[in-house]
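Beneath this line is the structure, given in structure tokens, with notes to follow.
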Amino acid sequence: MTDTSSTLRIVWIYPDLLSTYGDQGNVLILRRRAELRGIRTETLHVHSSDPVPVEGDVYLVGGGEDRPQILAAERLRADGGLKRAADRGAAVFAVCAGYQIIGESYGDDADNPLPGVGILDVRSSRGATRAVGEIVADVVPELGVGRITGFENHQGRTAIGPSARPLSTTVKGIGNDDATEGAYQGQVLGTYLHGPALPRNPALADLLLRWRVGEIAPLQPSWGEKLHEERLAAAL
Ligand code: GLN
């Protein structure tokens, strides 16, 4: 990666293991919304055999099935790069399996607890049922994101510890399982929203950009906002 302070470095973690649900859409929309503001970007696809660079700005971690999830968590823990990046203030956006493995622990397919990367104070374990379907949630007001929508498909349920905060309260769907959805801690954010989440919720992409570059200019509403409105209307 070229290291210029004016380039936003987007790091896509393990597309070979954690990209079950069109997660690349999150990478594309983040890049697009940065470039529309005149922010130069550089995107790095980090496969599970590669070291995770520490000097990225935004790290995207996608969803995955149980076994790839375990493999990804083991490799991320052994590598240490994602934790070092989060410790130095990088933004992290993690979806579903990604959300669970950046936490303190998560359950394997027999619900044995396994250690996570430990950058978000959440613990996940298997629920009695699978949570599948459209989800709608209101993000906590201080993040300025509003109502979000997505598709959830997970067995795990997530309890939030004292250092993290719920991302949102659920209007429809299961999410964490206590009427909240997702969690954040500093600039590390996890969510059960697939979809992919950022194309369906441009305001979430803009939150990640604001975390890294400060205030950003508003954009003319385009297909992203239309998709958001359409999915919201369809879900409720
Ligand atoms: N394997 C995890 C679960 O079922 C995550 C699934 C996912 O990423 N959709 O809870």
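We count residues from 1, following the sequence as given. Atoms within each ligand, like the ligands themselves, are counted from 1 in listed order.
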With a 4.0 Å cut-off on N to O distance, would you call Asp111 and Arg126 a salt bridge? no
According to side chain to side chain donor-acceptor pair (under 3.5 Å), does anything in residues 179-190 pair up with another residue at least two apart or in another chain? List the pairs. Arg165-Tyr184, Asn176-Thr180, Asp178-Thr180, Glu181-Thr191
Taking CZ in Arg210 as the centre, count heavy atoms belonging to other residues, nucleotides or ligands within less than 6.0 Å. Is the count above 12? yes
What orientation do Tyr192 and His154 show, parallel under 30°, tilted 30 to 60°, or perpendicular over 60°? parallel
Within a 6.0 Å radius of atom CZ on Arg37, are there more than 12 heavy atoms belonging to other residues, nucleotides or ligands? yes
Collect the protein residues that have a non-hydrogen atom under 4.0 Å from ligand 1 and hand them over in chain and number order. Tyr21, Gly63, Gly64, Asp66, Gln69, Cys96, Ala97, Gln100, Arg130, Asn153, His154, Gln155, Gly156, His194
Is there side-chain contact between Tyr14 and Asp50, with at least one heavy-atom pair below 4.5 Å? no
